[in-house]
Amino acid sequence: MSGDLTRRNFLKLGALSLLGLAFNPFPPPRDDFDYPNGEIGRVTVFNKITVYQKPDWNSPVVGYLNTKDTLVNLYAELTPPSGPAYNPLWYRVWSGYIHSAYIQKVKFRFNPVLSQIPEQGQLCEVTIPYTQIYKYNPYRGWERFNRLYYETTHWVVGIDEGPDKKPWYRINDSGLEFHVPAEHLRPVPDEEMTPISPEIPWEGKRIEVSIQNQLLTAYEYDRIVFSARVSTGLNVRPDPEGIPWNTPRGDFFILNKQPSTHMGQGRLTGDPEAYELPGVPWTMYFEPQTGVAFHGAYWHNNFGLQMSHGCVNMRPKDAKWLFRWCYPIFEVPVKDRSGWEKRGRGTPVKVI
């Protein structure tokens, strides 16, 4: 099956079951709801999401969304005067309103399966709300681990028969190998990674990040060509012996670009609360001492507020634009697996 899974078809399916991938059924429609696009939101946190009677944190509470990865219909978007100013976006849901901070807008797009994978691998993007990782153990058979989420990116290195006897992609994730259903991933074509304005010389591009305004601005000479709300690091140090979570101020350079990165301890634990983030998209490291980077973030939608452990969180589509625009230039097509990252003294970065 390819293309978008419409809401009507989804309801006909009842409970979608894709080998351990079970989604909550959507509530039935009502006449007073406008449902033009069939938009869906995924709850990204374990903490309960409060549903309010009106789009205002001072409004009466009418319910909760209690489970991470719960899917909800989003019937309308609102930006009421009550804000908050840094992120005033609210969503109308079945019984009230929820703030957008921990809701990822997602879609169901199933993809044709590649007949073969290039020797150097193929970058792919998850196009459904989430998909389940499985690994084959010769003694215990197929075992479940973490999930991969919408808009994450992954290097596919092979096609194998999965536990449902259908084609599954084999993914190499920083040395880890595992499988997911092939139709859940979209191959990213080369043209989506080609450089933006490569005719502008190295000295003509620069990036500025304002921590006060939570704003990233890209310049070509003195002309603004791109700006985006971001989430920089929290001003805390939970572990006295650990690295502080604030984003360092100063002058830097982009040093390393990776279209897919595993953040965390580099493991697959199967623990949904573990800090393991496979497939963080469009990563650009600029501070070598603590590994601070620009990258796409799919685990919150609260850009405009400090949220991270030091990195500069961006919407995946914004991070992708910056990845293509800044130096060093990522070579497309990738010629071999050593080309899954690009190193070099790249675009200047100023954090103020």
Side-chain angles (χ1 to χ4, degrees), residues 42 44-46 68-69 102 104 121 123-126 130-133 135 145-157 171-178 180 185 188 209 216 228 230-234 236-239 242-248 252 254-303 305-320 322-323 326 330 337 340-343 346 349 351:
R42 177 183 71 88
T44 65
V45 290
F46 287 96
K68 183 177 183 287
D69 295 341
Y102 295 104
Q104 181 193 25
L123 185 71
C124 292
E125 176 189 46
V126 176
Y130 57 82
T131 186
Q132 190 73 52
I133 291 173
K135 290 185 68 176
F145 286 87
N146 306 52
R147 287 172 173 172
L148 304 182
Y149 289 100
Y150 188 75
E151 293 188 304
T152 58
T153 52
H154 308 273
W155 286 108
V156 171
V157 296
I171 291 174
N172 185 304
D173 180 84
S174 301
L176 296 171
E177 289 201 347
F178 51 81
V180 297
L185 274 68
V188 179
V209 177
L216 178 147
V230 298
S231 290
T232 63
L234 296 161
V236 295
R237 189 169 189 161
D239 181 356
I243 299 171
W245 288 3
N246 61 295
T247 301
F252 309 95
I254 301 290
L255 300 173
N256 181 299
K257 292 169 62 174
Q258 300 175 16
S260 175
T261 304
H262 185 123
M263 293 189 174
Q265 300 301 313
R267 299 177 295 177
L268 297 177
T269 63
D271 177 1
E273 296 192 60
Y275 182 70
E276 296 294 336
L277 303 173
V280 175
W282 316 113
T283 303
M284 297 151 277
Y285 292 95
F286 64 87
E287 202 286 319
Q289 300 301 317
T290 56
V292 174
F294 302 107
H295 59 73
Y298 54 89
W299 48 88
H300 75 82
N301 187 28
N302 212 23
F303 303 98
L305 186 69
Q306 291 168 265
M307 296 285 294
S308 83
H309 292 185
C311 288
V312 179
N313 290 181
M314 305 179 69
R315 292 182 175 87
K317 66 176 183 178
D318 294 337
K320 185 178 183 180
L322 193 69
F323 184 95
C326 70
F330 188 84
R337 296 189 185 185
W340 290 359
E341 65 176 342
K342 181 64 177 180
R343 298 182 181 183
V349 176
V351 182

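The first residue of the sequence shown is numbered 1, and numbering continues consecutively from there.
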Any chance you could measure [X], atom [atom1], to [Y], atom [atom2], to the nearest 0.5 Å?
{"X": "Gln258", "Y": "Phe323", "atom1": "CD", "atom2": "CZ", "result": "8.5 Å"}
{"X": "Leu176", "Y": "Phe145", "atom1": "CG", "atom2": "CZ", "result": "10.0 Å"}
{"X": "His295", "Y": "Asp318", "atom1": "NE2", "atom2": "CG", "result": "13.5 Å"}
{"X": "Asn146", "Y": "Lys135", "atom1": "CG", "atom2": "NZ", "result": "10.5 Å"}

Is the side chain of [X] donor-acceptor paired with the backbone N or O of [Y] at a distance under 3.5 Å, no angle test?
{"X": "Lys257", "Y": "Cys326", "value": "yes"}
{"X": "Asn172", "Y": "Gly175", "value": "yes"}
{"X": "Glu287", "Y": "Thr290", "value": "yes"}
{"X": "Gln132", "Y": "Val180", "value": "no"}
{"X": "Ser308", "Y": "Asn313", "value": "no"}
{"X": "Gln104", "Y": "Tyr150", "value": "yes"}
{"X": "Gln306", "Y": "Gly233", "value": "yes"}
{"X": "Thr153", "Y": "Pro259", "value": "yes"}

Is the CZ atom of Arg337 crowded by more than 12 outside heavy atoms at less than 6.0 Å?
-> yes

Is any side-chain heavy atom of [Y] closer than 4.5 Å to one of [X]?
{"X": "Leu148", "Y": "Pro278", "result": "yes"}
{"X": "Val312", "Y": "Thr247", "result": "yes"}
{"X": "Ile171", "Y": "Leu185", "result": "yes"}
{"X": "Thr44", "Y": "Tyr149", "result": "no"}

Using the ring of each side chain (for Trp, its six-membered ring), is Trp340 parallel, tilted or perpendicular to Trp155, with breaks at 30° and 60°?
-> parallel

Take the angle between the ring planes of Phe178 and His154 and call it parallel below 30°, perpendicular above 60°, tilted in between.
-> perpendicular

Any chance the side chains of His262 and Glu276 put a donor and an acceptor closer than 3.5 Å?
-> yes

Within 45° of the six-membered ring axis of Phe330 and under 6.0 Å from that ring's centre, is NZ or CZ of Lys342 located there?
-> no

